[in-house]
*Asks:* 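One structure coming up, written as structure tokens, with questions to follow.
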Protein chains: 2
Amino acid sequence: MATHGARGRSGGRPTLEEVAARAGVGRGTVSRVINGSPRVSDATRAAVEAAVAELGYVPNTAARALAANRTDAIALVVPEPETRFFAEPYFSDMLKGVGAALSDTEMQLLLIFAGSDRERARLAQYLAAHRVDGVLLVSVHADDPLPDLLAQLEIPAVISGPRSSAETLPSVDSDNYGGARQAVEHLLSRGRTRVAHITGRLDVYGAQRRVDGYREAMSDAGLGADEGMIEAGDFTEEGGHRAMAALLERHPDIDAVFAASDVTAAGARRALRDAGRRIPEDVALVGYDDSAIARHMEPPLTSVRQPIEEMGRRMIDLLLTEVADRRPLASRGLERRQMVLATELVSRSSS
Amino acid sequence: MATHGARGRSGGRPTLEEVAARAGVGRGTVSRVINGSPRVSDATRAAVEAAVAELGYVPNTAARALAANRTDAIALVVPEPETRFFAEPYFSDMLKGVGAALSDTEMQLLLIFAGSDRERARLAQYLAAHRVDGVLLVSVHADDPLPDLLAQLEIPAVISGPRSSAETLPSVDSDNYGGARQAVEHLLSRGRTRVAHITGRLDVYGAQRRVDGYREAMSDAGLGADEGMIEAGDFTEEGGHRAMAALLERHPDIDAVFAASDVTAAGARRALRDAGRRIPEDVALVGYDDSAIARHMEPPLTSVRQPIEEMGRRMIDLLLTEVADRRPLASRGLERRQMVLATELVSRSSS
DNA sequence: AGGTAGCGTGGGAGCGCTCCCACCGGTGAT
DNA sequence: ATCACCGGTGGGAGCGCTCCCACGCTACCT
């Protein structure tokens with residue numbers, strides 16, 4: 001490595017100081033221009049901008065981070081193995097929204113997977129080093145220690161699905177309860193009466209809310225709550241298959257199924273086929289997520305669409321607010337920092 | 001924001017200096033321990049490590065980056081829109097290998113998409129700010145300006161597929177030529193004689209090499225080079241469908257197809273079905289990549305497997321070497337920095 | 001006229017680390 | 001005994017920036 005003194009000065013990247021000299025102003029002024037402070041005269045600003053352009057000046061991020069005690073980076077933390085991340089369109093949509101919201105910002109987005117214990121330990125170290133200004137948390141389970149760690153480190157965070165109705169972190173979610181109702185009411189409006197539900201992982205709050213929506217839509221329609229019509233799945237295809245098989249065994253006369261995810265619905269479909277049931281003639285099927293799977297299934301799957309991209313965008317908005325508030329220790333608190341977005345039923349031929 | 005003087009000292013994160021005081025040694029010694037220098041006595045090392053543990057010291061990355069002029073981060077740059085990244089298992093496998101190779105390192109991996117012009121401009125700015133120590137380039141087209149930019153900025157880089165036979169950057173690739181030969185020879189050994197080829201995007205060097213492999217395997221078998229049996233695809237399903245339809249029109253007697261990717265093969269399969277051809281009875285089909293698609297196709301698709309995870313791992317090895325070499329300006333140069341890994345044919349019922 | 005805002009500005013101090021030089025004491029060679 | 005040497009160590013200088021205080025100046029008050 002080059003010796004300390006020999007670096008800089010000649011050849012290397014230009015520094016703030018050099019820009020200042022070139023523009024004939026002081027360091028402070030250049031810094032103000034770079035950071036868009038309004039307290040600079042137009043003439044000075046122009047001179048500085050010219051010097052910046054001539055020298056091809058690019059601020060040194062490390063120096064800025066050190067002096068200002070911020071990193072201009074936020075992390076999207078996915079407490080799942082890579083595999084699931086890529087398998088589920090949920091994440092890629094979310095990423096798209098997040099990317100879009102960030103694209104006219106100086107913020108850098110980091111994608112961090114924390115599926116294994118080892119990765120989680122690494123993440124903890126990473127956060128302890130305050131290498132990001134804020135964290136976006138997706139798909140967090142009820143007992144995850146991550147939110148507490150973040151709170152303790154005083155790192156702003158926004159969570160996608162609240163962990164419970166008493167979530168303390170700012171959150172953005174879709175209306176799981178309402179979405180489930182939409183699905184069930186749709187099936188009922190089609191004349192179905194024996195509607196079963198395959199749930200998601202029940203340690204995910206959103207999955208519980210879908211169960212709530214199912215239950216209440218059924219009882220509102222005067223169709224008592226037969227708990228035998230509810231079977232636990234886990235958001236996987238295999239789980240959907242298993243659950244559907246169990247349901248058919250208990251209630252061979254089922255005429256409709258609301259599955260908590262499209263992948264689950266795909267598993268259910270397989271079990272229905274195995275049992276010789278036709279879709280939708282014998283059994284109508286509705287999924288959740290409106291993913292690519294839904295469109296390509298045979299028959300195409302009716303599904304509840306969540307505005308995932310939009311959720312990503314809103315999460316960024318919330319997080320950036322949190323990060324900015326951090327500085328003047330604002331009167332934070334009771335403003336509504338929980339956001340719920342509406343879902344939409346996409347009707348296809350499976351129902 | 002807290003005033004400058006008031007930060008640190010009390011309450012905040014412990015600094016090197018505080019650890020030094022606690023351990024009763026100098027700053028330099030703590031730094032040496034943190035960085036694993038051998039020039040520290042065992043007793044001193046133990047004392048420092050104890051102090052680090054007691055204080056919960058975590059080095060300040062920004063300060064380190066500023067002082068040492070390195071970032072301890074590398075970027076995986078994907079010059080494609082997010083969509084393709086998620087659609088193709090290639091990338092997720094690569095990411096897995098890269099992640100594995102990096103997991104026992106201090107290096108942080110950044111994932112950067114540069115599909116749009118806007119994103120590319122952002123990336124250029126990012127690289128100009130030297131925010132990463134090195135770059136991993138995947139799926140680069142022949143005319144991409146990125147490699148030149150990296151060279152100009154003197155940022156070490158490793159490329160996955162070479163851009164041409166004269167690639168100057170260190171690269172890791174699978175044996176596209178050999179893989180294509182494997183595929184064709186497999187088809188020939190099954191008694192097929194009218195073997196067509198649907199290519200990938202021909203501005204990708206690897207796709208060209210597959211064509212070469214196809215051509216030479218055919219002519220080595222004494223089956224002249226009928227250029228009409230080659231049709232250009234573009235790695236997409238739609239392209240595969242179109243190409244297959246064109247081939248069938250020209251040569252209705254085709255009895256085998258080697259497609260340059262599994263996705264392409266999926267498109268070809270659809271066109272074959274449309275034309276009433278049975279697979280493999282009428283036409284045998286071989287793909288490339290051995291992705292999930294291959295396993296789930298009907299019938300399951302014979303495919304050429306590239307050791308993508310392994311490639312990711314090797315790329316990291318090469319890149320870390322480059323990054324390290326940078327420091328003592330080593331005798332770089334003629335050592336072999338192009339790496340080619342063998343492929344493997346996975347035989348299934350489509351052929 | 002003197003007083004007093006307030007804008008636009010320059011530059012000192014400091015962020016927490018790495019690098020390097022100087023220094024210490026104990027070896028082994030002379 | 002003298003000296004060069006070397007492993008082990010302390011701490012100064014500096015990385016490039018932000019923050020803030022202080023300063024000059026103009027414009028407006030009384």
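All chains are named by letter (A, B, ...) in the order of the sequence lines, taking the proteins before the strands, and each is independently numbered beginning at 1.
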*Asks:* Are the side chain of A:T321 and the backbone N or O of A:D317 linked by a donor-acceptor pair below 3.5 Å?
*Replies:*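 Such a contact is found between A:T321 side chain and A:D317 backbone.
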*Asks:* By a strict heavy-atom criterion of less than 4.0 Å, which residues belonging to residues 49-59 of chain B are in contact with DNA chain C?
*Replies:*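 Close to the strand are B:Y57, B:P59.
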*Asks:* Take the protein atom CZ of A:R64 and the nucleotide atom C1' of D:dT18, then report the distance between them rounded to whole Å.
*Replies:*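 Spelled out: CZ on A:R64 to C1' on D:dT18 is 9 Å.
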*Asks:* Whole Å only: how far is the CD atom of B:E18 from the C1' atom of C:dC17?
*Replies:*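 Whole-Å distance recorded here is 13 Å.
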*Asks:* Evaluate the side chain to side chain contact (heavy atoms under 4.5 Å, CB included) criterion for residues B:L127 and B:V132: first the C-alpha distance (whole Å), next the side-chain angles of each, then the deciding distance (0.1 Å), finally the verdict.
*Replies:* CA-CA 7 Å; B:L127 295 174; B:V132 288; 4.0 Å; yes
*Asks:* Provide, to the nearest angstrom, the distance between the CD atom belonging to A:E17 and the C1' atom belonging to D:dG16.
*Replies:*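 Distance check: A:E17 CD to D:dG16 C1' gives 9 Å.
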*Asks:* Do any N or O atoms from the side chain of A:T61 and from the backbone of B:R131 form a donor-acceptor pair under 3.5 angstrom?
*Replies:*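 Looks like no, no N/O pair under 3.5 Å.
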*Asks:* Closer than 3.5 angstrom, by distance alone: can the side chain of B:T71 be matched with the main-chain N or O of B:D133 as a donor-acceptor pair?
*Replies:*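 At least one qualifying donor-acceptor pair exists.
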*Asks:* B:A67 side chain: which of D:dC19, D:dG14, D:dG16 is closest?
*Replies:*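 Of all the options, the side chain of B:A67 is nearest to D:dG14.
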*Asks:* Where along residues 21-44 of chain B does a heavy atom fall under 4.0 Å from DNA chain C?
*Replies:*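 Contacting residues: B:R27, B:S31, B:R32, B:N35.
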*Asks:* What integer distance in Å separates B:N69:CG from C:dG16:C1'?
*Replies:*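 After rounding, the gap between these two atoms is 16 Å.
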*Asks:* Between B:E119 (side chain) and B:G115 (backbone), is there a donor-acceptor pair under 3.5 Å?
*Replies:*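 Yes; judged by distance alone, with no hydrogens or angles, the pair exists.
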*Asks:* I'd like to check the side-chain contact (heavy atoms from CB on, under 4.5 Å) partners of A:S37; sequence neighbours left out, ordered by chain and number.
*Replies:*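 Partners of A:S37 by the side-chain contact (heavy atoms from CB on, under 4.5 Å) criterion, ordered by chain and then number, come out as A:R32, A:R39.
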*Asks:* My understanding is that only residues two or more places apart in sequence, or in another chain, count here; which of them pass side chain to side chain donor-acceptor pair (under 3.5 Å) with A:E49?
*Replies:*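 Scan of A:E49 (side chain to side chain donor-acceptor pair (under 3.5 Å), adjacent residues dropped) gives none.
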*Asks:* Between C1' on C:dC17 and NE2 on A:H130, what's the gap in Å once rounded to a whole number?
*Replies:*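 Rounded to whole Å, this separation is 17 Å.
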*Asks:* Can you tell me how far P of D:dG14 sits from CG of A:N60, to the nearest Å?
*Replies:*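 Answer to the nearest Å: 18 Å.
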*Asks:* How long is the line joining CZ of B:R70 and P of D:dG16, in whole Å?
*Replies:*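 Value for this atom pair: 16 Å.
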*Asks:* Rounded to whole Å, please give me the gap between CG in B:D72 and C1' in C:dC17.
*Replies:*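 Rounded to whole Å, this separation is 12 Å.
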*Asks:* Who are the ring-ring contact (aromatic ring centres under 6.0 Å, His included) partners of A:F91, not counting sequence neighbours?
*Replies:*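 Listed in chain order: A:F85.
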*Asks:* Kindly write out the residues that satisfy side-chain contact (heavy atoms from CB on, under 4.5 Å) with B:S103, not counting sequence neighbours, or none if the list is empty.
*Replies:*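 Listed in chain order: A:R118.
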